[in-house]
Amino acid sequence: MMDPITLLTVVVLAVFIGFEVVSKVTSKLHTPLMSGANAIHGIILVGAIIVAGQADDPWLLTVALIAVVLATANLVGGFVVTDRMLEMFGSRKPARRGAGSGEDGT
Amino acid sequence: MSILGPGWTSLFYLVAAVCFILALKGLSSPRTARRGNAIGAAGALVAVVTVFLSAKLENVPLILAAIAVGSAVAVPVARRVQMTQMPQLVALFNGVGGGAAALVAVLELGHSADPWVRLAVVFTMLVGAVSFAGSAVTVGKLQELISTRPLLFPGMPVVMGAVVLGAVAAGALVIVTGAAGWAVALLILGLAAGLLLVLPVGGADVPIVISLLNAFTGLAVAASGIVLGNVLLLVAGTLVGASGTILTKVMASAMGRGVTGIMFGAFRGGSTAGSTVQSDRPVRSSSPEDVAVQLGYAQRVVIVPGYGLAVAQGQHTIAELAIALAARGVEVVFAIHPVAGRMPGHMNVLLAEANVPYEALKELEEANPEFPNTDIALIVGANDVVNPAAKSTPGAPIYGMPILEVAQADQVVFLKRSMRPGFAGIENELLFDPKTTLLFGDAKESLTRVLGAVKAL
């Protein structure tokens with residue numbers, strides 16, 4: 001267990017980074033944002049792997065493996081689905097009507 | 001295996017955390033977004049490899065098999081899902097993430113003696129379970145497996161209160177005794193709380209609930225980081241919690257409502273009533289040819305897309321229609337309501353798929369002042385986001401939500417499947433307005449016929 005003040009420092013800084021980064025996200029990308037953030041919390045997979053690796057009785061192991069399956073679905077599925085959405089944004093040709101590049105979304 | 005020492009482990013976790021921050025940062029522009037997402041996925045891979053190389057793990061083959069199963073289920077679904085079903089899928093992935101966090105916390109209870117760590121265990125279990133059950137209800141509502149209308153039963157607030165009190169009591173007992181029995185009780189109460197929290201939420205507010213539950217899962221994962229003493233989980237979960245909170249607030253304000261009003265509005269009663277009685281008052285229905293003439297000889301047309309467009313997969317046809325009209329010298333823009341569809345930014349994703357240029361997409365604030373100079377507002381599969389009841393009918397579920405003020409255009413044309421009210425379940429007075437015409441039918445079919453008629457003009 002780490003020093004509580006260190007943990008608190010990490011949390012407070014992460015909150016500020018989260019607020020800062022997300023407030024710059026264009027509203028056009030709110031769906032991929034939700035889906036991308038969703039993929040990131042799939043990192044609970046790391047926790048699920050740790051508990052599964054320490055499980056010493058079949059019941060605990062079964063529950064832990066269920067957690068691994070669920071977390072993997074969240075993590076892998078989340079990144080794949082976000083990529084699919086963003087692929088459509090990225091494949092955007094420069095404006096068909098009107099001049100200029102339609103790429104920066106501003 | 002313990003190939004990596006604690007120093008290297010922390011270093012690689014830091015790399016993964018930075019990757020996640022870059023993934024979110026990439027979303028500030030569509031150009032960098034996809035690369036950002038790839039960086040995030042790479043960070044996740046680094047983290048998973050690191051945990052295998054650093055911790056003393058038993059059962060490694062079984063764990064690898066479980067990862068293979070999870071991937072084998074999720075990847076094909078994520079690849080094949082249709083754009084219209086994206087919100088369900090995001091809600092589903094969110095729910096399973098919350099469920100995983102709750103299970104991890106239950107299993108760690110036996111290793112946690114410190115009361116503060118047990119508090120984190122209780123928090124993770126409760127919030128994870130709420131997120132799991134809440135997401136399940138959300139998926140059901142979006143798939144229309146259960147009613148999209150607020151579901152309430154007499155005495156619901158009392159039951160909710162009892163569940164919350166019970167959860168607090170069970171949580172306290174878990175912290176004091178560390179007994180697995182109380183932990184199971186806590187999980188069950190958490191699931192019940194999740195159900196009771198989301199069932200009363202009306203269909204129109206579901207996008208906000210998805211975002212809120214996403215933030216919940218993030219917080220559960222952050223707390224699990226404290227339980228396991230894992231800084232990466234703490235940082236990643238906190239990031240998601242913070243970003244989900246902001247997104248939820250942004251969306252709630254786009255609907256002109258507070259988050260608490262959305263979550264607990266139904267409990268206060270009255271406000272979610274809405275009339276579902278279909279009126280048989282006369283409306284003016286029109287033919288594709290007439291609509292084509294209206295559009296083809298207009299100077300300025302504003303297209304308001306909604307969920308109906310997504311359901312009908314009509315995005316490519318509407319993009320073609322916009323091009324055909326532009327070729328005739330008609331100025332065409334799309335007015336995008338922030339909560340049109342079933343997710344924030346849903347319409348942007350859809351129109352991006354059809355290669356509609358960004359400069360043709362106008363946000364609510366940009367679009368509204370231009371409606372008085374607009375000849376025709378063409379509403380395709382949208383209803384609630386243009387419903388004047390949001391301004392005129394206090395007590396309507398959507399009252400107070402900013403709407404696209406299409407009534408200020410010279411003429412209004414609705415492409416609708418039927419007279420059925422929108423997701424929020426309220427009738428739209430605008431349909432009966434003398435300046436409104438309706439073209440009934442599937443959005444894509446109607447658009448295809450209008451497109452053909454415009455080309456023939």
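Protein chains get the first letters and strands the later ones, always in sequence-line order, with residue 1 at the start of each.
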Practice problem: Heavy-atom distances under 4.5 Å only: say whether Val73(B) touches chain A with side chain, backbone, both or neither. | Solution: neither
Quiz item: Where on Leu234(B) is there a heavy atom nearer than 4.5 Å to chain A: the side chain, the backbone, both, or neither?
Solution: side chain
Quiz item: His30(A) pairs by side chain to side chain contact (heavy atoms under 4.5 Å, CB included) with which of Asn348(B), Val349(B), Val250(B)?
Solution: Val250(B)
Practice problem: Could you have a look at Ala74(B), Ala65(B), Ala242(B) and say which one has the most heavy-atom pairs with chain A under 4.5 angstrom? | Solution: Ala242(B)
Quiz item: Can Asn94(B) and His41(A) be counted as having a side-chain donor-acceptor contact under 3.5 angstrom?
Solution: yes
Quiz item: Around atom CZ of Phe19(A), are there more than 12 heavy atoms of other residues, nucleotides or ligands at under 6.0 Å?
Solution: yes
Quiz item: Looking at Val46(A), Ile43(A), Leu13(A), Ile66(A), which has the largest count of heavy-atom pairs under 4.5 Å with chain B?
Solution: Ile43(A)
Practice problem: Identify which part of Ser211(B) has an atom lying under 4.5 Å from any heavy atom of chain A, answering side chain, backbone, both or neither. | Solution: both
Quiz prompt | Largest heavy-atom contact set with chain A, pairs under 4.5 Å, which of Leu24(B), Leu228(B), Val75(B) | solution = Leu24(B)
Practice problem: Can you sort out the partners of Asp56(A) under side chain to side chain contact (heavy atoms under 4.5 Å, CB included), two or more places apart, ordered by chain and number? | Solution: Leu60(A)
Quiz item: Can you name the residues that form a side chain to side chain contact (heavy atoms under 4.5 Å, CB included) with Ile21(B), not counting sequence neighbours?
Solution: Ile17(A), Val21(A), Leu239(B)
Self-check item: Toward chain A, the part of Met86(B) with a non-hydrogen atom under 4.5 Å
Solution: side chain
Quiz prompt | Residue Asn59(B) versus chain A: region with a heavy atom under 4.5 Å | solution = side chain
Quiz prompt | Most contacts with chain A, counted as non-hydrogen pairs under 4.5 angstrom, among Arg79(B), Glu108(B), His346(B) | solution = Arg79(B)
Quiz prompt | Top contributor to chain A interface from Gly40(B), Ala72(B), Gly244(B), Gly26(B) [non-hydrogen pairs under 4.5 Å] | solution = Gly40(B)
Exercise. Please determine, among Ile210(B), Thr217(B), Thr50(B), the option with the most heavy-atom pairs under 4.5 Å with chain A.
Key: Thr217(B)
Quiz item: If you count heavy-atom pairs under 4.5 Å with chain A, which of Leu103(B), Asn37(B), Val90(B) comes out on top?
Solution: Asn37(B)
